[in-house]
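Down below is the structure, laid out as structure tokens.
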2 protein chains.
Amino acid sequence: MSTKGSVKGLPKAKAEVIAPKRGRPARKETATNKEQQQKILDAAEKEFAKYGFNGTSIQQIADRAELPKANIHYYFASKEKLYLALFDNIIHLWNDHLDEVRVDDDPAEVLARFIRKKVELSYSHPLSSKLFAMEIIQGAPHIRKYIKSEMRTWVRNKAAVIEEWIRKKRMKAVDPVHLIFLIWSSTQHYADFDTQVLTIMNRAEYEREMIDEISDFLCEIILTGCGLKVPAKPR
Amino acid sequence: MSTKGSVKGLPKAKAEVIAPKRGRPARKETATNKEQQQKILDAAEKEFAKYGFNGTSIQQIADRAELPKANIHYYFASKEKLYLALFDNIIHLWNDHLDEVRVDDDPAEVLARFIRKKVELSYSHPLSSKLFAMEIIQGAPHIRKYIKSEMRTWVRNKAAVIEEWIRKKRMKAVDPVHLIFLIWSSTQHYADFDTQVLTIMNRAEYEREMIDEISDFLCEIILTGCGLKVPAKPR
DNA sequence: CAAAAGCCTGATCAAGTGGTCAGGAATTAT
DNA sequence: ATAATTCCTGACCACTTGATCAGGCTTTTG
């Protein structure tokens, strides 16, 4: 997804914003500094992913991070800046793989790798997925621009490649954009709806075994549905 | 899904709760009464679907319904009661169809009908879908019981039928539970993530044509993936 | 008609909201 | 050592939160 320009950069420290000494950077990235910021970001991700932007209070985040509320505001000028800082990571994470797809590549290989990678991400970064889902459901008020530009471009590029595959009869003629939506939805579902999935399957949490099972299942259905043979699992 | 017992019944009127005259019911279902309640429920659905339980204030709902805040509390004792009242409708709506599925039915017919129905619901009741999604993402704090009991039973029953189809070689051997998850996720995606979908497809809103397109696409991929032939569209 | 029941709402409450700020503590630079 | 900078936080502010309630209004009942 190659997100060069971040949604909104990590906020500069307050002091710098208020009284920026020109020339040398006013705030160094000290160890404590980074550490504290990460602590806040981690706590914020958990809370925002659970209650959305409006539903989360800074006090909640402060409690979770075990810091006084005012300290949050020292590092992040406003609730919104903190929220947006989280999306920097998420957007980078999201589709950075698959960027290098080419028309010459094998459709089955590419799609299988894509599906497995997305399932893996749902497993390794469920909070990011939930946070993103929340934001979209609410109408993407904070990242609308990103969807309209980078994300749309990304989808169109991938769709063009898939269309080329179809033209060359390397796979069945299916709508490429909906295919991308299908892979997104079916994979992210396991992160966003983990409560429902785990409850119905009577599990406490995901395990490696189950993740592989899910990947295999989705590859099987989707690739077959595209008229492709599922490639042997790598490794 | 046959939800006989509602999650929590529509709240009785305050007066009745506080001073229940025994014998005859204290509050009749007058026209105004029902009308007002529906107005509140509609407004509440819109707001809760957008901001979740914690993120929505009663004032917001009151503004949207064009009623004074205190009037909301007249009909619904608490924010939670109002919230739960919404899930009565949703849960009834959700999977009431497909209840009558039998082992003798044609797998392709049943799955195709299921997919089309779910896409249709995403189109006709996007707010219900979003509200449900929000609740699940947040860990289903208010409807956990329902998922653990009725919903789990429902899934198991349907999965048993699918397994029987597989045993009889009427379709490919795929995990029935994951198949249900796949249909849920891929169809609901178009309601929950409508902002993303529409933005990327450069549309203002869904139209009949596009809904049919989506249904056809999902039927094609999923049924083929299950080793089934897509049945001719009814009508 | 009058009495009763149901309907409605402005005013009010304690608790919580995002955000500010003065000033002290800790660290770093000179 | 001393000065400068950065880090931290308790106290505070105006505003919003969910909820209550007294009292007036309207409709139904007898």
Side-chain angles (χ1 to χ4, degrees), chain A residues 11-40 43-44 47-48 51-85 142, chain B residues 11-40 43-44 47-48 51-85 142:
Chain A
K12 317 281 179 139
K14 195 181 182 179
E16 184 179 350
V17 170
I18 290 171
K21 307 285 179 197
R22 55 190 154 105
R24 85 182 110 121
R27 157 122 14 140
K28 284 197 251 157
E29 294 276 318
T30 66
T32 26
N33 188 319
K34 274 241 153 173
E35 216 173 272
Q36 288 287 69
Q37 283 205 19
Q38 199 52 54
K39 223 161 120 187
I40 295 170
E47 295 303 313
F48 280 133
Y51 303 107
F53 182 77
N54 293 280
T56 303
S57 74
I58 296 198
Q59 188 62 60
Q60 274 175 56
I61 297 170
D63 289 348
R64 159 102 40 188
E66 292 179 291
L67 292 171
K69 190 177 67 154
N71 202 353
I72 310 283
H73 275 106
Y74 175 71
Y75 284 103
F76 299 93
S78 72
K79 190 179 168 181
E80 189 166 20
K81 289 246 176 74
L82 170 54
Y83 183 74
L84 286 172
H142 303 92
Chain B
K12 318 279 179 141
K14 195 180 183 179
E16 184 179 350
V17 170
I18 289 172
K21 307 284 179 197
R22 53 189 156 104
R24 85 182 110 120
R27 160 133 359 150
K28 284 197 254 161
E29 293 274 319
T30 66
T32 26
N33 188 320
K34 274 240 155 178
E35 215 173 273
Q36 288 288 68
Q37 283 205 18
Q38 199 52 52
K39 222 161 120 187
I40 295 169
E47 296 303 312
F48 279 134
Y51 303 107
F53 182 77
N54 293 280
T56 304
S57 73
I58 296 200
Q59 188 62 61
Q60 274 175 56
I61 296 170
D63 289 348
R64 159 98 45 183
E66 293 178 291
L67 292 170
K69 191 175 64 151
N71 201 352
I72 310 283
H73 274 107
Y74 175 71
Y75 284 102
F76 300 92
S78 70
K79 190 179 167 182
E80 190 166 20
K81 290 246 177 71
L82 170 53
Y83 183 74
L84 286 172
H142 304 92

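Because the structure is a prediction, the values reported are computed rather than measured. Chain A is the first sequence line, chain B the second, and so forth, proteins listed ahead of strands; every chain is numbered from 1.
Residues passing the side chain to side chain contact (heavy atoms under 4.5 Å, CB included) test with B:Gln59, sequence neighbours excluded: B:Ser57, B:Ala62, B:Asp63, B:Lys69. In this structure B:Gln38 satisfies the side-chain hydrogen bond (donor to acceptor under 3.5 Å, both in side chains) test together with B:Asp42, sequence neighbours excluded. For B:Tyr51, there are no ring pair (Phe, Tyr, Trp, His ring centres under 6.0 Å) partners at least two apart in sequence or on another chain.
If you take OH of B:Tyr51 and P of D:dT17, they are 12 Å apart, rounded to a whole angstrom. If you measure from atom CD of A:Glu66 to atom P of D:dT9, you get 12 Å, rounded to the nearest angstrom. When rounded to the nearest whole Å, the span between CZ of B:Phe76 and C1' of C:dC8 equals 15 Å. For the pair B:Asn71 CG and D:dT20 P, the computed distance is 15 Å after rounding to whole Å. Distance CD1 (B:Ile61) to P (D:dG18): 8 Å, rounded to an integer number of Å.
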Under 4.0 Å protein heavy-atom contact, by nucleotide of nucleotides 10-18 of chain C - B base, S sugar-phosphate only: B------SB

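Using cut-offs of 30° and 60° on the angle between ring planes, the pair B:Phe53 and B:His142 is tilted.
A close approach under 4.0 Å does not occur between any side-chain nitrogen or oxygen of A:Tyr74 and OP1 or OP2 of D:dC8.
Between the CG atom of B:Leu84 and the NZ atom of B:Lys79 there is a distance of 12.0 Å, given to the nearest 0.5 Å. Remark: A:Asn54 CG to B:Gln60 CD distance equals 6.5 Å, nearest 0.5 Å.
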